[in-house]
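For reference, the structure discussed in these notes is given below.
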Amino acid sequence: MTNTTAAELIARSNRLGSDPRVTNYAGGNTSAKGTETDPVTGEPVELMWVKGSGGDLGTLTESGLAVLRLDRMRALVDVYPGLDREDEMVAAFDYTLHGKGGAAPSIDTAMHGLVDAAHVDHLHPDSGIAFATSADGEALTAKAFGDKVVWVPWRRPGFQLGLDIAAIKTANPQAIGCILGGHGITAWGDSSDEAEKNSQWIITTAEDFIAANSKAQPFGPALDGFGALPAEERLAKAAALGAHIRGLASTDRPQVGHFTDASVVTDFLAAAEHVRLGALGTSCPDHFLRTKVKPLVLDLPASATVEESIARLDELHTAYREGYAAYYDAHKVEGSPAMRGADPAIVLIPGVGMFSYGSNKQTARVAGEFYVNAINVMRGAEGISTYSPISDAEKFAIEYWSLEEAKLQRMPKPKPLAGRIALVTGAASGIGKAIATRLAAEGACVVIADLDLAKAQEAAAELGTSDVAIGIVANVTDEDAVQSAIDQTVLAFGGLDLVVNNAGLSLSKSLLETTVADWDLQHNVMAKGSFLVSRAAAKVLIDQKLGGDIIYISSKNSVFAGPNNIAYSATKADQAHQVRLLAAELGEYGVKVNGINPDGVVRGSGIFAGGWGAKRAAVYGVDEDDLGKYYAQRTLLKREVLPENVANAVFVLCTSDLSHTTGLHIPVDAGVAAAFLR
């Protein structure tokens with residue numbers, strides 16, 4: 001980046017955005033005004049760099065900035081058609097842009113451009129929003145900040161708010177910023193350092209005032225029986241409830257989940273006022289756009305059983321959907337976008353914690369983070385006053401704002417497996433790793449389960465952050481370990497949609513050389529292991545009521561009889577018939593069960609690298625290095641089978657294109673006539 005003003009802005013933005021005290025993910029915006037040489041005239045031109053729509057301050061880069069000509073942007077004041085038509089001004093910003101590329105200007109652009117200050121920060125700190133949502137916020141602002149910070153009554157973000165703040169700054173030259181009622185804070189300065197210093201001063205002063213003046217129990221006294229369960233019990237109950245709650249939250253469309261049992265959540269739910277405050281919902285637009293207008297709160301104590309909790313959650317979910325539909329009907333106007341869904345984004349379970357939901361893991365996690373922000377806001381406001389968020393009518397006006405709808409429509413089309421959660425066993429290498437890689441590339445959240453935890457975590461890290469994949473240890477022969485893997489999947493991503501039984505091993509021995517231990521080992525890992533994984537997964541799939549897929553990586557040896565392969569081939573035949581049996585049993589729940597029969601996947605295979613390859617090469621009388629080529633030459637297509645070929649088949653089986661296919665075995669063997677299914 002060559003412009004020093006823009007470089008300073010990005011550095012300041014990254015510092016502010018990386019501090020959770022200052023703002024939340026993708027919340028707030030910053031700007032800087034300066035000069036640049038116009039490439040057309042060669043003359044200096046005044047520009048404004050401002051964080052674009054949908055960007056995040058903490059990770060902001062040059063491409064995330066909108067760059068506007070300041071004279072043209074400010075000239076829009078002369079054509080502003082008034083409050084009733086102010087949404088038109090967002091499109092007008094496009095005619096003020098300078099150069100090519102950059103981000104789309106956000107609705108807050110006017111606030112930055114019209115305020116007569118070189119640098120402007122608009123932020124959403126919890127402490128600042130606590131003032132903004134206090135019933136007597138204006139008086140408290142004067143008391144806490146004196147005349148350095150000015151109160152601005154709630155107004156929906158837009159051109160008029162920019163005009164209002166500009167006028168307030170002009171009328172109050174001593175002020176360094178303002179509290180935006182119901183919303184957040186805005187600060188300014190003549191330099192980047194001064195703007196950042198003023199933002200931090202407002203935040204720190206608000207924090208100090210709340211700490212010095214807050215009542216001892218902002219959320220009221222402890223509510224008997226609603227305290228946090230011991231950590232192990234919290235997680236166990238969360239895992240037991242998670243799949244069912246995800247199913248409820250996915251009534252309108254599939255959602256990915258996130259769970260937290262952070263003390264800020266459990267402490268809130270343990271206090272008497274959580275019922276009243278939860279019903280009031282959030283206030284800051286960035287909060288409720290992600291958390292929905294209000295959460296669903298289970299009204300049972302922590303001692304309630306899983307069965308009691310599920311029964312009550314079903315009732316509350318029905319009431320929530322009815323309430324949300326009533327909220328929509330009460331506030332919709334001609335031209336309002338269609339209702340986007342009536343399911344909750346936040347579900348609070350006393351004694352346990354919070355489940356949050358979104359179209360992907362990051363969205364779900366961020367929704368939970370925003371509700372934590374909202375809890376902090378409510379604590380601050382209740383401590384110094386009474387929490388008083390903006391009205392439901394105002395929330396609706398933003399939630400179903402035409403500009404918000406346009407932003408949603410600009411989002412890229414989701415990938416084929418977006419919103420789906422996969423568990424792949426034996427996935428740290430070979431076929432399993434290839435499957436996990438393909439599923440993640442197609443949008444799924446993936447749990448890589450393997451005997452080797454370090455390798456599982458390493459494989460997961462190659463796919464992305466923990467919002468994309470996690471690695472866990474799992475011995476599929478152990479019933480408790482399998483259940484733990486399922487529970488970890490539910491806690492990590494909210495539930496489970498796709499299971500791939502891939503874990504396996506093989507010993508190449510003749511009938512007379514095969515020991516009972518050899519037989520038991522292979523049957524325990526593949527036949528028993530697949531059974532245990534499928535059984536535990538089926539409970540989740542049935543509980544969610546979202547259908548799902550179970551896929552077995554069997555083998556062409558499940559139907560092909562070859563020498564020196566008795567234990568391996570027999571257990572693969574066991575797996576193959578499990579496919580048919582489970583397809584028949586789970587079909588009524590919308591769960592598809594299919595299998596894949598690969599042959600001779602040598603490259604990248606953990607099985608072949610572990611000695612199986614050398615023994616199979618000896619059986620066929622070829623060098624081990626040539627085994628893949630040997631397998632290829634005996635096929636009809638003369639092609640070597642790779643892990644990616646198996647992964648491709650898994651992907652096809654779990655897409656909507658094969659939504660009516662169950663009980664099928666797909667050969668991925670390049671054509672082995674002796675293994676043709678009959």
Handout entry: Residue that, paired with V482, satisfies side-chain contact (heavy atoms from CB on, under 4.5 Å) out of N475, L532, D487
Key =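 With V482 as partner, side-chain contact (heavy atoms from CB on, under 4.5 Å) holds for just one option, L532.
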Exercise for the section: Answer yes or no: are there more than 12 heavy-atom neighbours, outside E315 itself, under 6.0 Å from its atom CD? Expected result: yes
Problem - salt bridge (Lys or Arg N to Asp or Glu O under 4.0 Å) pairs, two or more places apart, involving residues 532-545 - result: E479-R535
Using salt bridge (Lys or Arg N to Asp or Glu O under 4.0 Å) as the criterion, list what pairs up with [X], not counting sequence neighbours.
X	answer
R276	E273, E382
K332	D329
E462	K433

Handout entry: Value rounded to 0.5 Å, distance of SG in C654 from CD1 in I550
Key =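 One finds 13.0 Å between SG of C654 and CD1 of I550.
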Of all heavy-atom pairs between [X] and [Y], which one has the smallest distance, and what is that distance?
X	Y	answer
M526	Q575	O-NE2, 3.3 Å
V377	Y387	CG1-CE1, 4.1 Å
L241	S309	CD2-CB, 3.9 Å
S534	N501	OG-ND2, 3.0 Å
V352	A238	CG1-CB, 3.8 Å
L248	L313	CD1-O, 3.9 Å

Problem - Trace of the side-chain hydrogen bond (donor to acceptor under 3.5 Å, both in side chains) decision for S530 with Q578 - result: CA-CA 9 Å; S530 296; Q578 284 187 37; 5.0 Å; no
Is a side-chain donor or acceptor of [X] paired with a backbone partner of [Y] at a separation under 3.5 angstrom?
X	Y	value
K528	V476	no
T655	V652	yes
D450	A428	yes
T291	A367	no
N24	F370	no
T305	E308	yes
N594	L664	yes
K51	S106	no
S555	N597	no
D574	A527	no

Do [X] and [Y] make a side-chain contact, defined as non-hydrogen atoms from C-beta onward lying under 4.5 Å apart?
X	Y	answer
L269	M354	no
I553	V646	yes
V579	H665	yes
V473	L451	no
L423	V500	no
N645	L642	yes
I375	D126	no

Which pairs would a plain distance check flag for residues 438-449, meaning a side-chain donor or acceptor within less than 3.5 Å of a matching protein atom at least two apart in sequence or in another chain?
unit_1, atom_1, unit_2, atom_2, d
R438, NE, E442, OE2, 2.9
R438, NH1, N648, OD1, 2.5
R438, NH2, E442, OE2, 3.1

Could you work out, with side-chain hydrogen bond (donor to acceptor under 3.5 Å, both in side chains) as the rule, every residue matching [X], not counting sequence neighbours?
X	result
D314	H244
N29	D108, H112
R156	D87
R234	D261

Handout entry: salt bridge (charged side-chain N to carboxylate O under 4.0 Å, His left out) between E233 and K237, worked out
Key = CA-CA 6 Å; E233 291 183 39; K237 191 170 183 180; over 6 Å; no
Problem - Partners meeting side-chain contact (heavy atoms from CB on, under 4.5 Å) with Q544 (sequence neighbours left out) - result: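 Once residues adjacent in sequence are excluded, the partners of Q544 under the side-chain contact (heavy atoms from CB on, under 4.5 Å) criterion are A243, R246, D497, V540, L541, L546.
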Exercise for the section: Evaluate the ring planes of H274 and F268, with Trp represented by its six-membered ring, and classify them as parallel (under 30°), tilted (30 to 60°) or perpendicular (over 60°). Expected result: perpendicular
Practice task
Consider only side-chain N and O atoms of S484 and Q488, and report whether a donor and an acceptor are under 3.5 Å apart.
Solution key: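 Yes.
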Exercise for the section: Any ring pair (Phe, Tyr, Trp, His ring centres under 6.0 Å) involving residues 306-325? Give me the pairs, sequence neighbours left out, ordered by first then second residue. Expected result: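 As it turns out, the ring pair (Phe, Tyr, Trp, His ring centres under 6.0 Å) pairs with a partner in residues 306-325, which skip direct neighbours, are Y324-Y327.
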Handout entry: Test salt bridge (charged side-chain N to carboxylate O under 4.0 Å, His left out) applied to D252 and K292, R340, R321, the passing residue
Key =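 So the option named by the test is R321.
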Handout entry: Which residues share a ring pair (Phe, Tyr, Trp, His ring centres under 6.0 Å) with Y328, sequence neighbours left out
Key = F396, Y400
